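In what follows, a structure is listed as structure tokens, so that the remarks can point back to it.
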Amino acid sequence: MTALDLLVRDGLVVTPKGTFRASIGVEDGVIIAIGSSASMPMAERTIDASGLLVFPGIIDEHVHFRDPGLEWKEDFRTGSMAAAAGGVTTVLDMPNTDPPTVDADGFRAKLEAASRKSLVDFGFYAGVVPGRVEELRELAELGVVGVKVYMSETTGIREPVDDLDLIRTMRVASSLGLRVGVHAEDGRTISRLREELRATGQRNPLLHMRARPVEAEVLAVGRALLAARLAGCGLHVFHLSSAAALEVIRALRPLGVDVTVETCPHYLLLDGEDALSRLGNVAKVNPPIRGRADAEALWDAIARGEVDAIGSDHAPHLPHEKMVDDVWSAPSGFPGVETMLPLMLTEVHKGRLSYEKIAALLSENPARIWGLYPRKGSITIGSDGDLTLVDPDAEWVIRADRLHSKSKVTPFEGLRVRGKPVYTVVRGEVVMERGEVVEDARRGQLVRPVRRGER
Ligand code: DOR
Ligand code: ZN
């Protein structure tokens, strides 16, 4: 038998179905052996994983790496360094770049940048320009994992998609075997509220919660579900933030919509009023962070299996862009790809989550939702050798100035966490080792989905 490229020895392997002690052998980027260390072939490199947890490579299904076009905020080098540092082996990047990923040229520009710079594997979502829905055919051929639709304005999106375009998009997407993910906030409600509030002359960050209230999310989630039902299209609700919107999904799911749901660490762990009053516009994000009761409802939904995925919504902006007093001019979003896994590991110690659930929400489920499973999201023979090794008991403090993102701000500043990614392995290549990113590691690759109908 030939020598393995990498042997990860004697770790506690975590999968959604259970946890077991095993060694894992990777050869040519693929897992070829799982078993006792005695049964393993020789290896060029061995990592002693005793005392460590071995997760299937963590997938962040929601990042904005800003590349191309907004590289002053982030690019695929810094974004992927943050990913590697945070134990993330695959990122799925949003289309609101410049050019946006709405046609073949936009896709190729992003592929060129990512292939040259990224340390981790990457997939792309297609965006939609109203009236140019047909571009999706070519984007599907090029290999987008899904479609992202903005139902309201946000960074880089001036023209939200209206109901008719949403239905048309879903019809085309469904015929191509692609799922449509929505940013579900009602654009018209938000623009009117913002103008009304702005006219009062107030500029306090707390107004963000009133300008983008739960109502806007409820209306958009409801319409997206109805549109998906009409079009017979799979729907993914990104960054669900409220109890009321969960209720709508619960009520409409029986219509037969194939709907999956994402939420983000900030909706689970922070209180909007508290965060905006303490941190100002650093905590401004779309949708806004809501109240404690909403966070509780989201935790409850996780426990019931109504939330399928956790993504970070890594949305970097430079500190000076964020740290302005005027709520109306501050951009929305903050980095998250590096802190997502540690924050969720910390919740295991608090009894909110299990390691198995983390393997489901942060790896297997996103891989399944976007057609990447079992190549990604799985520790099985034949899967990519993507592994995230974690020291479950390491305690440390989140500090914005130590993040690898260009955006050195975080609403989790100063938070003590327990659980630390210590090795990040992408197709057998170590891209982070004991906290140090291996900058000269082999570059990441595009991941293309197996689309519905192709399976
Ligand atoms: O807060 C947000 N920021 N929400 C979004 O949907 C977009 C993102 C960004 O790109 O900055
Ligand atoms: Zn986003």
Side-chain angles (χ1 to χ4, degrees), residues 59-75 79 83 91-102 110 123-128 145-161 180-187 190 194 205 208-209 211-212 216-217 220-221 224 236-242 245 261-267 270 272 275-276 279-290 309-319 321-322 324 327-337 340 366 370 405-407 409-411:
I59 298 171
D60 190 343
E61 64 151 24
H62 193 160
V63 306
H64 301 261
F65 277 0
R66 310 297 193 204
D67 199 353
L70 296 91
E71 293 96 337
W72 73 91
K73 293 176 192 274
E74 194 78 290
D75 62 35
V91 294
L92 303 183
D93 191 61
M94 288 295 170
N96 57 335
T97 42
D98 185 12
T101 319
V102 294
K110 185 172 284 189
F124 303 150
Y125 294 104
V128 181
V145 294
V147 182
K148 171 73 179 283
V149 167
Y150 289 89
M151 298 173 75
S152 63
E153 56 73 42
T154 187
T155 309
I157 306 291
R158 294 231 177 68
E159 204 181 351
V161 168
V180 171
V182 289
H183 178 124
E185 290 185 285
D186 182 57
I190 287 170
R194 190 188 39 228
H208 185 56
M209 296 178 78
R212 301 182 82 116
E217 186 172 53
V221 165
H236 188 59
V237 181
F238 281 110
H239 49 45
L240 195 87
S241 67
S242 70
V261 176
E262 176 205 71
T263 192
C264 313
H266 40 282
Y267 302 116
L270 299 174
L276 285 163
L279 307 163
N281 291 316
V282 165
K284 182 184 176 190
V285 60
N286 302 332
I289 301 165
R290 319 283 184 188
I310 292 179
S312 74
D313 198 359
H314 179 86
H317 301 280
L318 288 188
E321 297 172 316
K322 287 292 278 177
V324 293
V327 65
W328 311 119
S329 59
S332 290
F334 39 74
V337 70
M340 172 170 75
W370 301 111
S405 172
K406 291 183 187 178
S407 173
V409 293
T410 169

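Position 1 is the first residue of the sequence; numbering continues from there. Order of listing sets the numbers, starting from 1, for every ligand and every atom in it. On a predicted model such as this, the values are computed, not experimentally measured, just so you know.
- Relative orientation of the His62 and His239 rings is tilted, given thresholds of 30° and 60° on the angle between their planes.
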- request: Check the pair His64 / Glu74 against side-chain contact (heavy atoms from CB on, under 4.5 Å), numbers first and verdict last.
  value: CA-CA 8 Å; His64 301 261; Glu74 194 78 290; over 6 Å; no

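- The Zn ion (ligand 2) has His62 NE2, His64 NE2, Asp313 OD1 as its protein N, O or S neighbours under 2.8 Å.
- For atom 8 (C) of ligand 1, the closest non-hydrogen atom of the protein is Ala315 CB, 3.7 Å.
- Taking a cut-off of under 4.0 Å to the non-hydrogen atoms of His317, the atoms of ligand 1 that pass are 11 (O).
- Residues Arg66 and His314 have side chains that never bring a donor and an acceptor to within less than 3.5 angstrom of each other.
- Side-chain polar atoms of Ser332 and Arg212 form no donor-acceptor pair below 3.5 angstrom.
- Not close to ligand 1: Met94, with no non-hydrogen atom less than 4.0 angstrom away.
- Near Val285, meaning under 4.0 Å from one of its heavy atoms, ligand 1 places the atoms 1 (O).
- Sorted pairs that involve residues 310-319 and meet salt bridge (charged side-chain N to carboxylate O under 4.0 Å, His left out), not counting sequence neighbours, are lacking altogether.
- Counted by atom type alone, Asn286 and His183 present zero donor-acceptor pairs between their side chains at under 3.5 Å.
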query: Given the rule in the side-chain contact (heavy atoms from CB on, under 4.5 Å) test, do Val327 and Asn281 qualify, once you have shown the distances and angles that lead to the verdict?
result: CA-CA 6 Å; Val327 65; Asn281 291 316; 3.6 Å; yes

message: side-chain contact (heavy atoms from CB on, under 4.5 Å) for Trp370 and Ile59? Distances and angles first, verdict last.
response: CA-CA 11 Å; Trp370 301 111; Ile59 298 171; over 6 Å; no

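- Within ligand 1, counting atoms from 1 as listed, the ones closer than 4.0 Å to a heavy atom of His183 are 5 (C), 6 (O).
- With hydrogens and angles left out, the side-chain atoms of Arg290 and Ser242 include no donor and acceptor closer than 3.5 Å.
- Of the protein's non-hydrogen atoms, Ser332 O, 3.6 Å is the one closest to atom 2 (C) of ligand 1.
- Given atom 1 (O) of ligand 1, the protein heavy atom at minimum distance is Asn286 N, 2.8 Å.
- Stacking of Lys110 on the aromatic ring of Phe124 is recorded, both the 6.0 Å distance cut-off and the 45° axial limit being met.
- Distance from atom 5 (C) of ligand 1 to its nearest protein heavy atom, with residue and atom name: Thr154 OG1, 3.3 Å.
- Atom 9 (C) of ligand 1 has its closest protein heavy atom at Thr155 OG1, 3.1 Å.
- Contact between Arg66 and ligand 1 is present, with at least one heavy atom of the residue lying under 4.0 Å from the ligand.
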message: Determine whether Thr101 and Tyr125 satisfy the following criterion, side-chain contact (heavy atoms from CB on, under 4.5 Å), listing intermediate values before the conclusion.
response: CA-CA 7 Å; Thr101 319; Tyr125 294 104; over 6 Å; no

